[in-house]
Amino acid sequence: MKQYDFLIVGAGLYGAVFAREMTDADKRCLVIDKRNNTGGNVYCDKIEGINVHSYGPHIFHTNDKSIWDYVNSFVEFNNFRYSPLADYKGHLYNLPFNMNTFYQLWGVKTPSEANEKIRDQVKKSGIIHPKNLEEQAISMVGIDIYKTLIKGYTEKQWGRKATELPQFIIKRLPVRFAFDNNYFNDKYQGIPIGGYNNLIDGLLKNIEVKTNVDFFNSREELSKQADCIIYTGKLDEFYNYQYGYLEYRSLRFDHKVLDIPNYQGVAVINSTEVEIPHTRIVEHKHFEFGVQPTTIITKEYPEEWTPGKEAYYPINDEKNNRKLKKYMELVNQENNVVFGGRLAEYRYYDMHQVIGSALKKTKSMIK
Ligand code: UDP
């Protein structure tokens, strides 16, 4: 008999949920992670008493009560509501696109005036069946908002023309004819009280975890120890990039401690001009309503992923999806490897979707 039922490669959300559920079902799990901490990209560093979202801002939201109850069973969540601003040429606009934004841009005060403005612009654009992100965006909000708040941000973020990007990316954002700056439509939203590490620590409680262990440094030896591998790393790396690289966007973070209590008065300000190289500035204390005497801000700079960098966003355009299909043929031949999470499934998942996917998988396997 092997030492473990499951070797879980990666201690991010997918791996941690999988390990929790299987441990609770009396399975023997070993979780490994190449980083020296658990949590994957939800991991926070605590600096000056502030939880710093070291791998980019994470705001938990879901419409699914069972997922909300699940995460709250490990740590209580606060009532944070994500309401970022966008800075375009020195002017601030509310996000997501809502009556406040329309008022700031056009001076329109009523939903019918705003609606008419957008309808006119959409009509003028002549777009009926949008085929890419640019056309999708214009057909949702018209040309003014596209040019001011979408085009620059999107092209920096993805390093590609908006006409070369898939539509689904912009459909993530609500368009709302109400004075309501809540970025998400979901019923449940918040940040774990005390930070995301509390969620991960709760999930991994009493489970064997080895950090600083890179699966690819001792793949054979590690694989022998378990009946089944749960792999949450990059899909193409698992197959030694045999069909070539899947493309990802990476990020560079410039963190700064400032000797003032409040820098920008909000958790996130997006910078939507293409000439400004960062996409957003995050002021971490606002996620937890912090009142510390200092503050920490992070400028986020998108860049193309190259070997050695962290992969953050899969680029699900046609070219990469074709490559993904080929990798999926290999995946479908595996008997005792499960691929889960943003990197291994090569999908632009939110946290609640990762958790949902891990819960679904464990449920079906336990059955
Ligand atoms: N987006 C934009 N302007 C903004 C914010 C978002 O054009 O001010 C577009 C951009 O293409 C981005 C996508 O909407 O990649 C999804 O944004 P979201 O905030 O969901 O991105 P994430 O927080 O996952 O990076």
Side-chain angles (χ1 to χ4, degrees), residues 10-13 33-48 50-59 82 84-88 95 133 149-162 164-165 169 172 195-197 212 214 232-237 241 245-258 263-264 266-287 294-317 320 341-343 346-351:
L13 272 179
D33 200 292
K34 66 177 175 184
R35 289 190 187 157
N36 66 5
N37 53 262
T38 58
N41 289 351
V42 308
Y43 172 77
C44 292
D45 281 299
K46 197 151 201 157
I47 304 170
E48 307 270 333
I50 297 165
N51 286 310
V52 175
H53 295 213
S54 303
Y55 300 95
H58 284 75
I59 301 96
Y82 191 43
L85 293 164
D87 184 331
Y88 180 76
L95 293 173
L133 194 156
L149 303 177
I150 300 175
K151 184 175 162 66
Y153 186 97
T154 296
E155 295 190 343
K156 297 192 272 194
Q157 164 70 4
W158 297 97
R160 284 151 180 79
K161 294 270 167 231
E164 288 159 15
L165 287 164
I169 294 177
R172 293 167 58 86
Y196 280 93
N197 297 1
N212 294 308
D214 188 333
T232 72
K234 286 166 65 249
L235 174 59
D236 49 358
E237 188 173 13
Y241 304 104
Y245 290 118
L246 287 167
E247 293 174 311
Y248 300 88
R249 283 304 272 174
S250 189
L251 298 169
R252 180 169 66 77
F253 299 104
D254 179 13
H255 305 286
K256 264 201 185 80
V257 181
L258 302 178
Y263 173 72
Q264 60 186 17
V266 66
V268 176
I269 299 187
N270 290 351
S271 167
T272 59
E273 271 163 84
V274 78
E275 293 81 9
I276 292 178
H278 63 265
T279 43
R280 50 191 174 191
I281 301 182
V282 180
E283 186 171 15
H284 302 270
K285 70 193 309 177
H286 296 302
F287 290 121
T294 51
T295 193
I296 300 177
I297 61 163
T298 301
K299 280 190 184 170
E300 197 171 307
Y301 297 87
E303 44 189 37
E304 198 64 15
W305 179 86
T306 51
K309 287 185 190 169
E310 293 286 350
Y312 289 91
Y313 295 88
I315 299 172
N316 292 105
D317 59 8
N320 284 291
R342 202 186 254 215
L343 296 180
Y346 196 67
R347 285 178 65 175
Y348 189 179
Y349 269 149
D350 289 330
M351 289 181 281

Practice task
Flag yes if more than 12 heavy atoms outside Tyr88 fall under 6.0 Å of its OH atom; otherwise flag no.
Solution key: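 It does: Tyr88 OH has more than 12 such atoms within range.
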So how far is it from [X] [atom1] to [Y] [atom2], rounded to the nearest 0.5 Å?
X      : Y      : atom1 : atom2 : value
Leu95  : Tyr82  : CG    : OH    : 8.0 Å
Lys256 : Ile296 : NZ    : CD1   : 12.5 Å
Ile281 : Leu85  : CD1   : CG    : 11.5 Å
Tyr312 : Leu251 : OH    : CG    : 5.5 Å
Glu247 : Asn320 : CD    : CG    : 4.5 Å
Arg172 : Asp350 : CZ    : CG    : 4.5 Å

Within the side chain of [X], is there an N or O that forms a donor-acceptor pair under 3.5 Å with the backbone of [Y]?
X      : Y      : value
Asn51  : Cys44  : no
Trp305 : Lys309 : yes
Asn270 : Thr272 : no
Arg35  : Gly40  : yes
Tyr349 : Leu343 : no
Glu283 : Gln264 : yes
Glu310 : Ser250 : no
Arg160 : Trp158 : yes
Lys285 : Thr294 : yes

Side chains of [X] and [Y] in contact at under 4.5 Å (non-hydrogen atoms):
X      : Y      : answer
Leu258 : Ile297 : yes
Val268 : Phe287 : yes
Asp45  : Asn37  : no
Asn197 : Tyr43  : yes
Pro307 : Tyr245 : yes

Determine the minimum heavy-atom distance between [X] and [Y], stating which atoms define it.
X      : Y      : answer
His278 : Lys299 : ND1-CD, 3.7 Å
Thr279 : Pro302 : CG2-CG, 3.5 Å
Thr154 : Ala162 : CG2-CB, 4.4 Å

Exercise for the section: Apply the test side chain to side chain contact (heavy atoms under 4.5 Å, CB included) to residues Lys156 and Ser271: give CA-CA distance (whole Å), side-chain angles for both, the deciding distance (0.1 Å), then the verdict. Expected result: CA-CA 10 Å; Lys156 297 192 272 194; Ser271 167; 3.6 Å; yes
Exercise for the section: Take Val257 and Ile50 through the test side chain to side chain contact (heavy atoms under 4.5 Å, CB included) and record every step on the way to the result. Expected result: CA-CA 10 Å; Val257 181; Ile50 297 165; over 6 Å; no
Handout entry: Candidates Glu300, Glu304, Glu303 - the one meeting salt bridge (Lys or Arg N to Asp or Glu O under 4.0 Å) with Arg249
Key =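 Between Arg249 and the candidates, salt bridge (Lys or Arg N to Asp or Glu O under 4.0 Å) is satisfied uniquely by Glu304.
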Exercise for the section: Run the ring-centre check on Tyr55 versus Phe253 and record whether the distance is less than 6.0 Å. Expected result: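 No, the ring of Tyr55 stays outside the 6.0 Å limit from the ring of Phe253, centre to centre.
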Problem - Qualifying residues under ring pair (Phe, Tyr, Trp, His ring centres under 6.0 Å), relative to Tyr196, sequence neighbours excluded - result: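 Partners of Tyr196 by the ring pair (Phe, Tyr, Trp, His ring centres under 6.0 Å) criterion, ordered by chain and then number, come out as His53.
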Practice task
Go through the steps for Asp236 and Tyr248 under the test side chain to side chain contact (heavy atoms under 4.5 Å, CB included), then give the verdict.
Solution key: CA-CA 11 Å; Asp236 49 358; Tyr248 300 88; 3.7 Å; yes
Handout entry: Cation-pi, Tyr301 ring and Arg252 (6.0 angstrom, 45 degrees)
Key =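 Cation-pi check for Arg252 and Tyr301: passes.
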Practice task
Quick one: do Asn41 and His58 satisfy side chain to side chain contact (heavy atoms under 4.5 Å, CB included)? Show the steps, please.
Solution key: CA-CA 9 Å; Asn41 289 351; His58 284 75; 4.1 Å; yes
Exercise for the section: Could you tell me whether the side chains of Tyr241 and Lys234 share a donor-acceptor contact shorter than 3.5 Å? Expected result: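 Lys234 and Tyr241 do have a side-chain donor-acceptor pair below 3.5 Å.
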